[in-house]
2 protein chains.
Amino acid sequence: MLDLAVLGLLRDAPLHGYELKQRLADLGFWRVSFGSLYPGLKRLERQGFIESLRDGGRKKTYQLVPKGQSHLEFLLTEETDTVEEERHFHLRLAFFRYLDGATRIKSLDRRRNELVQRLADSRRSMRKVNGRGQQRPDRYTRALMERGVRSTEADIAWLDQLIAAERSEQARPSSTELFQGGSQWAK
Amino acid sequence: MLDLAVLGLLRDAPLHGYELKQRLADLGFWRVSFGSLYPGLKRLERQGFIESLRDGGRKKTYQLVPKGQSHLEFLLTEETDTVEEERHFHLRLAFFRYLDGATRIKSLDRRRNELVQRLADSRRSMRKVNGRGQQRPDRYTRALMERGVRSTEADIAWLDQLIAAERSEQARPSSTELFQGGSQWAK
DNA sequence: TAAAGCATGTAAGAGGTTACATGATTGG
DNA sequence: CCAATCATGTAACCTCTTACATGCTTTA
């Protein structure tokens, strides 16, 4: 999560640590602590994904290097199996503009399939629990299950919209609204 | 999270570790690993919240003790400030039946206030980002923001239903559908 | 009888948090 | 000038995960 968010934010412009923490908070996914961010930046630098340079005083500006940019693309497309699926997928969406249309559709489809699967599971477990022979679960457990079904349905419909928009954009290849191909160094 | 889930599951009946792992998975919030569960159970026992007893062979059955039951009530009502707010709140709902109506309403109201606050923040940040002078964010960032607003609205409406149901039940105090007061030892 | 599932546990390591420590700069 | 915010970092601690280790029981 941290790696994806940091590399994604640095994809557009170099930033220093404190600024990164704020941008990370603005993204709204979670607020990372300094005790996590600074060691994380150190690690990303050690791994050769970013470079730091002191600007003026004590400020350290971090910038993405090509190896980091490929790693970002990897993180954006890799098949994961996290519990944090939702948060992770939404974080990816925030940097979707760095992927090409075909890759975006693949990713949206994969997510859609997962949700369809989850919806089927939820419905099955609701039917099971409401069947005869069972003592019905309490009101809050039922409410929780129903909410799960409804919100999954809403997310699937949302993905359908995104997929449709993406396909219709690919039909008109003139548009360059989203994909910023190439690299920041290629200018 | 683990403590709340384990104590909540043991509130109704003693279980052994392996069984707990399955029940935890059934709850659908996350699948805990053995490397987390067993040390966790050991810790909860050390803290005096649960007791274990070998039944027959190598199986170890864990049961809640009174100190653990008060701790469960504490975990269910404590004011938290987690990033995991949603997951945590939903886990609480799964054990809401162990709280009395007044406490449940207090908890639902608090959650509702948080969501109203978040909704206001999201809307403000959407207006800001769509204002003139800004370069509009890309389609996916906008979709993400809109989805956030919609799903928060849906959750507030959902909470309103739960609160209304809770209030109407309190108006008819004959019902004992949910609250299972007292303790399992009081029988 | 072999595979799948039941059952408990440890070790190493990753990553996160809070609290601590330090000091510059900016705005009221 | 004082408080808030900017800015970077370390240390101790906690919890989680994966991988490993072991061995019993049920079922196809």
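Values reported hereafter were calculated over all heavy atoms of this structure, with side chains retained and with hydrogens, waters and symmetry mates removed. Convention: sequence-line order gives letters A, B, ...; per-chain numbering from 1.
Regarding A:His16, its NE2 atom lies at a distance of 16 Å from the P atom of D:dT5, rounded to whole Å. C:dA14 atom P lies 19 Å from atom CG of A:Leu37, rounded to whole Å. The OH-C1' distance, from A:Tyr38 to C:dC20, rounds to 15 Å in whole Å. Atom CG in B:Leu44 sits roughly 14 Å away from atom C1' in D:dC14 (whole-Å rounding). Atom CG in A:Leu41 sits roughly 9 Å away from atom P in D:dG9 (whole-Å rounding). Rounded to whole Å, atom P of D:dC14 lies 17 Å from atom NZ of B:Lys42. Atom NZ of A:Lys21 is separated from atom P of D:dT5 by 13 Å (rounded to the nearest Å). If you measure from atom CE of B:Met1 to atom C1' of C:dT17, you get 17 Å, rounded to the nearest angstrom.
Proximity note for B:Arg54 (side chain, C-beta onward) versus D:dC16, D:dT8, C:dT8: the nearest is C:dT8. Comparing atom distances between the A:Ser33 side chain and each of C:dT8, C:dT18, D:dC16 picks out C:dT18 as nearest. When distances run from any side-chain atom of A:Arg43 to the nucleotides D:dT10, C:dT10, C:dG15, the shortest one goes to C:dG15. For B:Lys60, counting side-chain heavy atoms from C-beta on, the closest listed nucleotide (D:dT17, D:dA7, C:dT8) is C:dT8.
Within 4.0 Å (heavy atoms only), A:Gly35 reaches at least one base atom of the nucleic acid.
For the 3.5 Å distance criterion, the side chains of B:Asp155 and B:Thr152 fail to qualify, holding no donor opposite an acceptor. Using modelled atom types and a 3.5 Å distance limit, the side chains of A:Thr103 and A:Asp100 yield a donor-acceptor pair.
Phosphate contact (OP1/OP2 of C:dT17, side-chain N/O of A:Ser36, threshold under 4.0 Å): present. B:Gln22 has no side-chain polar atom (N or O) that falls below the 4.0 Å cut-off from OP1 or OP2 of C:dG5.
Across A:Gln22, A:Arg23, A:His16, a single residue satisfies side chain to side chain donor-acceptor pair (under 3.5 Å) together with A:Glu19, and that is A:His16.
Ring-plane geometry between A:Phe29 and A:His90 is classed as tilted, the angle between the planes lying from 30 to 60 degrees on a 0 to 90 degree scale.
When the nearest nucleotides of DNA chain C are assigned to A:Asp3 and B:Phe34 by heavy-atom distance, the more 5′-ward of the two goes with B:Phe34.
Contact check for A:Val65 versus A:Ile50: no side-chain heavy atoms found under the 4.5 Å cut-off.
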